Amino acid sequence: MPASDFYERVYDLVRLVPFGRVTTYGHVARHLGTGQSARVVGWALNQCPPDVPAHRVVNRFGALSGAIHFGGPLVMEDRLRSEGVAFDEEGRVVLTEHLWVPE
DNA sequence: GGTCTGACTAAAT
DNA sequence: GATTTAGCCAGAC
């Protein structure tokens, strides 16, 4: 019995994010049908299941808003860099290069 | 058991 | 064009 279908959908979608790609809370929320539930997406990722690459989910600016909650402010960034994700001068992911939009 | 906050975003003013 | 409000779901107080 899942905590809620919303959570499962979030997890399932994030799990589909390919290696070296990132997506945004807004895109995930939109894909789920509720474009305003971006907060819940973040809250769902707060549970941080091992199967879900939460480090590939960033806010719409590409900033690693959830890095602090991920276990360390540098863990998320370092992990993304290990996947070949590029960052700009402001420490934000280059969405134009790595943004992955769910179908 | 009601209220507020939170890894956010978009629309309205 | 910049700021404010509203909306979403779940958990914590």
Side-chain angles (χ1 to χ4, degrees):
Chain A
M1 197 40 190
S4 73
D5 292 342
F6 202 93
Y7 272 47
E8 273 210 356
R9 283 181 214 160
V10 173
Y11 299 149
D12 193 46
L13 187 62
V14 175
R15 267 184 284 232
L16 294 176
V17 180
F19 184 90
R21 293 287 145 109
V22 295
T23 189
T24 70
Y25 302 99
H27 278 120
V28 174
R30 229 176 224 291
H31 183 76
L32 299 182
T34 52
Q36 280 94 309
S37 57
R39 297 180 147 191
V40 189
V41 176
W43 199 249
L45 293 178
N46 193 310
Q47 316 306 304
C48 237
D51 299 54
V52 179
H55 59 275
R56 293 185 189 147
V57 183
V58 297
N59 64 8
R60 78 173 196 81
F61 296 107
L64 308 180
S65 312
I68 311 271
H69 294 270
F70 199 73
L74 301 178
V75 175
M76 194 170 180
E77 183 179 328
D78 187 54
R79 190 174 287 193
L80 285 172
R81 291 197 179 204
S82 297
E83 297 192 356
V85 177
F87 286 80
D88 62 8
E89 314 86 34
E90 306 210 356
R92 299 182 301 183
V93 176
V94 184
L95 295 176
T96 55
E97 291 271 319
H98 302 287
L99 177 61
W100 176 80
V101 181
E103 305 170 18

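Proteins get letters first, then strands, A, B, ... in listed order; numbering begins at 1 in each. Keep in mind the model is a prediction, meaning the values are calculated, not measured.
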Is there a path from A:Leu16 to A:Tyr25 through hydrophobic residues (I, L, V, M, F, W, Y) whose side chains come within less than 4.5 Å of each other?
yes
May I have the distance from A:Leu64 (atom CG) to B:dC8 (atom C1'), rounded to whole angstrom?
15 Å
Give me each pair satisfying side chain to side chain donor-acceptor pair (under 3.5 Å) with a member in residues 9-19 of chain A, each pair once, sequence neighbours excluded.
none
Please list, in numerical order, the residues of residues 90-98 of chain A that have a heavy atom closer than 4.0 Å to any atom of DNA chain B.
none
Donor-acceptor contacts, no H, no angles, side chain residues 75-82 of chain A, under 3.5 Å, sequence neighbours left out:
residue	atom	partner	partner atom	Å
A:Glu77	OE2	A:Arg81	NE	3.2
A:Glu77	OE2	A:Arg81	NH2	2.9
A:Ser82	OG	A:Asp78	O	2.9

In residues 46-61 of chain A, what donor-acceptor pairs under 3.5 Å come from side-chain atoms, sequence neighbours left out?
residue	atom	partner	partner atom	Å
A:Gln47	NE2	A:Trp43	O	3.2
A:His55	NE2	A:Glu83	OE2	3.0
A:Arg56	NE	A:Glu83	OE1	3.0
A:Arg56	NE	A:Glu83	OE2	3.4
A:Arg56	NH1	A:Val17	O	2.9
A:Arg56	NH2	A:Glu83	OE2	3.0
A:Asn59	OD1	A:Phe61	N	3.1
A:Asn59	OD1	A:Gly62	N	3.0
A:Asn59	OD1	A:Ala63	N	2.8
A:Asn59	ND2	A:Ser65	OG	2.8

Would you mind reporting whether A:Phe19 and A:Val85 have side-chain heavy atoms less than 4.5 Å apart?
no
With the criterion being N/O to N/O and under 3.5 Å, what pairs connect the protein with nucleotides 9-12 of chain B, and how long is each?
residue	atom	partner	partner atom	Å
B:dT9	OP1	A:Arg60	N	2.1
B:dT9	OP2	A:Arg60	N	3.3

Rounded to whole Å, how long is the line connecting atom CZ of A:Phe70 with atom P of B:dG6?
21 Å
Could you tell me which residues satisfy side-chain hydrogen bond (donor to acceptor under 3.5 Å, both in side chains) with A:Thr24, sequence neighbours excluded, listed by chain and number?
A:His27
Under 4.0 Å from any atom of DNA chain B, heavy atoms only: list the residues of residues 44-56 of chain A that qualify, in numerical order.
A:Leu45, A:Asn46, A:Cys48
Tell me which residues in residues 71-78 of chain A put a heavy atom below 4.0 Å from DNA chain B, sorted by number, or none.
none
When rounded to the nearest Å, what value does the distance between P atoms of C:dA6 and B:dC4 take?
14 Å
Show me the donor-acceptor pairs within less than 3.5 Å that the side chains of residues 30-42 of chain A make with the rest of the protein, sequence neighbours left out.
residue	atom	partner	partner atom	Å
A:Thr34	OG1	A:Ser37	OG	2.4
A:Ser37	OG	A:Thr34	O	2.7

Taking distance alone, no hydrogens or angles, what donor-acceptor pairs closer than 3.5 Å link side-chain atoms of residues 91-103 of chain A to residues at least two apart or in another chain?
residue	atom	partner	partner atom	Å
A:Arg92	NE	A:Asp88	OD2	3.4
A:His98	ND1	A:Gly20	O	3.2
A:His98	NE2	A:Ala86	N	3.1

Give me the distance, rounded to whole Å, that separates B:dG1 from C:dA10 when you measure between the C1' atoms they each carry.
16 Å
In whole Å, what separates the P atom of B:dT5 from that of C:dT5?
14 Å
Output the rounded distance in Å from CZ (A:Phe6) to P (C:dG7).
16 Å
Nearest-Å distance for atom pair OH/P, residues A:Tyr7 and C:dA10:
7 Å
Taking atom P of C:dC9 as reference, at what distance in whole Å does atom CG of A:Asp5 sit?
12 Å
Can you measure A:His69 atom NE2 to C:dA10 atom C1' for me and round it to whole angstrom units?
15 Å
